[in-house]
Amino acid sequence: MSVFARLFAALVPRREVRRSAADWCDDGAAHVGRGEFAEAVVCFERALALEPDSIVALHARAALHHACGEYAEAIELCDEVLARVPASVDTLCTRAFALRSLGRLVEALADFERAAALEARAGLIACVGGVLFQLGRLDAALKETERALAADPEADHIHSNRLFMLNHVPGLSRRAIADEHFAWGWALERRKSAAWLPHANDPDPRRRLRVAYVSADLRVHSVAFFIAAVLANHDRSEVEVYCYDNQTGRGDAMTERLAAHVDHWVRIDRLDDAAFAARIRADAIDVLVDLSGHTGGNRLPVFAMRPAPVQASWFGYMNTTGLAVIDYRITDAVFGAPEDQALYSERLFRLPSMFNWVPADESPPCGDSPWCANGHVRFGSFNNLTKVGDAAITAWARVINAVPGSRLVVIAAGADEPVRRAGVVERFTRAGLGAERLEIHAHQPLAGFLRLVREVDIAFDPFPYNGGTTTLHTLWMGVPIVSLACEEEIGRVSRAILSSIGLADLCAPDLEAYVATAISLATDTERLQALRGELRSRMTASPYLDARGLARELEFGFRTMWHVWLRRQADRAHVAQTPGPAGGSPSPDFARLCDAVRSTVGPGTPAVLDPQTRLADLCEWDASNVLALCVMFDADFGRTLSRADLLGCSTLADLHRLVC
């Protein structure tokens, strides 16, 4: 640039380049893509200032309102767009999602059906099926979901919707449900197998492990109540913790709470499968843990690409994923009995307790049992009605009709809508329960939910799909729960919790006993009042509130899984024919155990090991190798082997008795 040009540029102010509404919309979309919602708002507002009638800007602003949880505002802007462009499919979808978030399910269904009629895309048809499922219309929901799969057979999120729904089909066997999961998993793995590449993770068996949890539910959600205390209690000298957050919104106070307890918080909702898998490899994750299964927002297709050496699934979905490339299902002896192994693609890895839970800060005091003031017993069911089968409703009606003056309180998604409310009432009246004895509430924020729970005396656990987080919240509020023992994993949750707090008698073995147990408890007002004052202390003493203990067991389990992977990588022989110390031949199990110990502890170990050899004297011995040896022997984890059990072994003979 010449001297004259530079002088001119300095003296003459630069004009700001004129920008159109479309330019600002493009900038706003870019900010949304990076999760920069505040910056996006500014861009869309500038676009609307230039062109107040811009359909593009109005829709973009509506979608942003929805992403930020501002559902009423999103609906208002969508209505403005639809008044001018009634056939805008994208706007209909945004409005439907916002309506669904507000629990206005009947209206959401109408919008999704209208959008699917305009464009018969698989995703739109699947949304119709999803809302039908929430409305309790299971047969219609499955029909629409299968129609969506016919339109797009490789839409894995729609397959997940279908598999999740199958858990709710009355009379469908566990074997049939497992086979459906296996068929999907096998097909997905075949499609993704080209991504299976060697892992370059540092093979040091004793180093700090990188563990990553993957979930779309790291907010005020049942999963968060299970994971929060574990994240806070992880030993950072043992594990470096990542959370891969797949939620589409900006999160909430629970999200911030969880993020404060991890080393790395990574938003991955805008990463496609290939990019997310590449990120996992770049982070050199050693153990990748799925917390979603086939629930919404899962990233199971990424697990099918095998981006981490060790992959596991934990409590987010009470069934198998169907993926053989997920090595382990973290469970316990209640949820994963030895005879269940054939129903899982993952190897069942049992801990002393499957999960931990943290009470909500919003929990009010329990107070007295409501019957003291009401003069009658109030029963309640606070679970999503999609978990409640017709047999359960019939049983509840029998109990209410047998207990004079009693009432039933239920929560139903969309109950504020007259059509939805009428449908819920009709379902109960069809089972023999008069509408005058039924009290229906819509879904509400957690604090309101807990206050509502406090106002009942006894809760019904649904079946075939038990409560989980709801069961724990309910017991914490001093409300006893009557449950039915079921064979499915989805029907074992409340039984496990009740047994842990000394209330196994409230888990009935059959339907008749379920009804009788509820009636008996309702007439024992002295016990109801006693439980009201005891349940919190019982819960506090249960393993489900021992976060530190579960964190240690998990870390021990992750270390074991890591050692197993290292040993398999080394492809070492599992069987040795070493003569025993007295010249005889030891048992094959003991010989294999000795050989495995020698391989684990490295050079310098004696060629022949005596049964009384002290484990502490073995080179580089670490107790976490023991479970790895169990896996090497193909030994089933038929009983819970805890870290304490293994640390209690002092000699090889002790170890042999424990393992073999």
Side-chain angles (χ1 to χ4, degrees), residues 21-22 25-26 28-30 32-33 40 44 47 51 53-67 71 73-135 137-165 184 191 216 246 248-249 269-270 272-273 294 296-298 301 414 417 419-420:
C25 284
D26 289 343
V32 170
F44 294 137
E51 293 184 29
D53 295 331
S54 169
I55 297 299
V56 173
L58 285 169
H59 176 263
R61 188 72 178 90
L64 187 57
H65 276 306
H66 177 262
Y71 305 122
E73 293 86 345
I75 293 168
E76 183 180 351
L77 284 179
C78 286
D79 289 342
E80 191 173 338
V81 173
L82 291 170
R84 302 173 196 173
V85 189
S88 173
V89 171
D90 289 343
T91 305
L92 281 168
C93 287
T94 298
R95 186 175 189 272
F97 281 121
L99 288 166
R100 189 172 72 175
S101 297
L102 289 174
R104 293 161 61 179
L105 299 181
V106 175
E107 294 176 78
L109 177 62
D111 278 358
F112 278 132
E113 287 178 330
R114 186 177 164 196
L118 290 167
E119 290 185 20
R121 299 199 307 254
L124 296 177
I125 300 169
C127 287
V128 172
V131 179
L132 286 169
F133 176 73
Q134 286 183 279
L135 288 168
R137 296 165 59 183
L138 180 57
D139 291 342
L142 280 168
K143 181 179 179 182
E144 289 300 301
T145 302
E146 285 162 2
R147 187 163 75 93
L149 287 172
D152 186 357
E154 293 188 355
D156 292 308
H157 69 287
I158 303 177
H159 278 286
S160 282
N161 292 350
R162 177 176 176 273
L163 292 172
F164 181 81
M165 292 177 191
W184 169 82
R191 281 194 280 119
N246 198 48
T248 55
D269 54 301
R270 291 179 176 83
D272 63 19
D273 290 349
H294 288 285
N298 75 73
E417 298 174 291
V419 174
R420 168 62 169 156

* Asked: Taking the side chain as C-beta and beyond, is there a heavy-atom pair between Glu76 and His65 under 4.5 Å?
  ->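 No, side chains not in contact.
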* Side-chain heavy atoms of Pro86 within contact of Arg114, under 4.5 Å ->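 Side-chain contact under 4.5 Å: yes.
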* Take Thr94 and Val81 through the side-chain contact (heavy atoms from CB on, under 4.5 Å) test and state the conclusion after the steps. => CA-CA 11 Å; Thr94 298; Val81 173; over 6 Å; no
From [X] atom [atom1] to [Y] atom [atom2], the distance as rounded to the nearest 0.5 Å:
X: Phe112; Y: Leu99; atom1: CZ; atom2: CG; value: 8.5 Å
X: Arg162; Y: His294; atom1: CZ; atom2: NE2; value: 11.0 Å
X: Arg95; Y: Asp111; atom1: CZ; atom2: CG; value: 4.5 Å
X: Leu149; Y: Glu154; atom1: CG; atom2: CD; value: 11.0 Å
X: Gln134; Y: Leu105; atom1: CD; atom2: CG; value: 5.0 Å
X: Leu142; Y: Met165; atom1: CG; atom2: CE; value: 6.0 Å

How close do [X] and [Y] get, heavy atom to heavy atom, and via which atoms?
X: Phe133; Y: Ala141; value: N-CB, 3.5 Å
X: Trp184; Y: Asp156; value: NE1-OD1, 3.3 Å
X: Cys93; Y: Leu124; value: SG-CD2, 3.0 Å
X: Asp269; Y: Asn246; value: CA-OD1, 3.1 Å
X: Ile75; Y: Ala98; value: CG1-CB, 3.7 Å
X: Arg420; Y: Leu135; value: NH1-O, 3.1 Å

* Asked: Should the pair Arg104-Glu107 be classified as a salt bridge under the 4.0 Å nitrogen-to-oxygen rule?
  -> yes
* Asked: Taking the inter-plane angle between the rings of His66 and Phe97 on a 0 to 90° scale, is it parallel (under 30°), tilted (30 to 60°) or perpendicular (over 60°)?
  -> tilted
* **Crowding at CD, Glu119 (>12 non-hydrogen neighbours, <6.0 Å)** => yes
* Keeping the roles fixed (side chain from Glu417, backbone from Val106), state whether a donor-acceptor pair exists under 3.5 Å. => yes
* Asked: Is the backbone N or O of Asn298 less than 3.5 Å from a side-chain atom of His157, with the two atoms forming a donor-acceptor pair by type?
  ->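 The answer is no, because no donor-acceptor pair under 3.5 Å joins these two groups.
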* To do: Apply side-chain contact (heavy atoms from CB on, under 4.5 Å) to the pair Lys143 and Leu132, showing each step before the final yes or no.
  => CA-CA 10 Å; Lys143 181 179 179 182; Leu132 286 169; over 6 Å; no
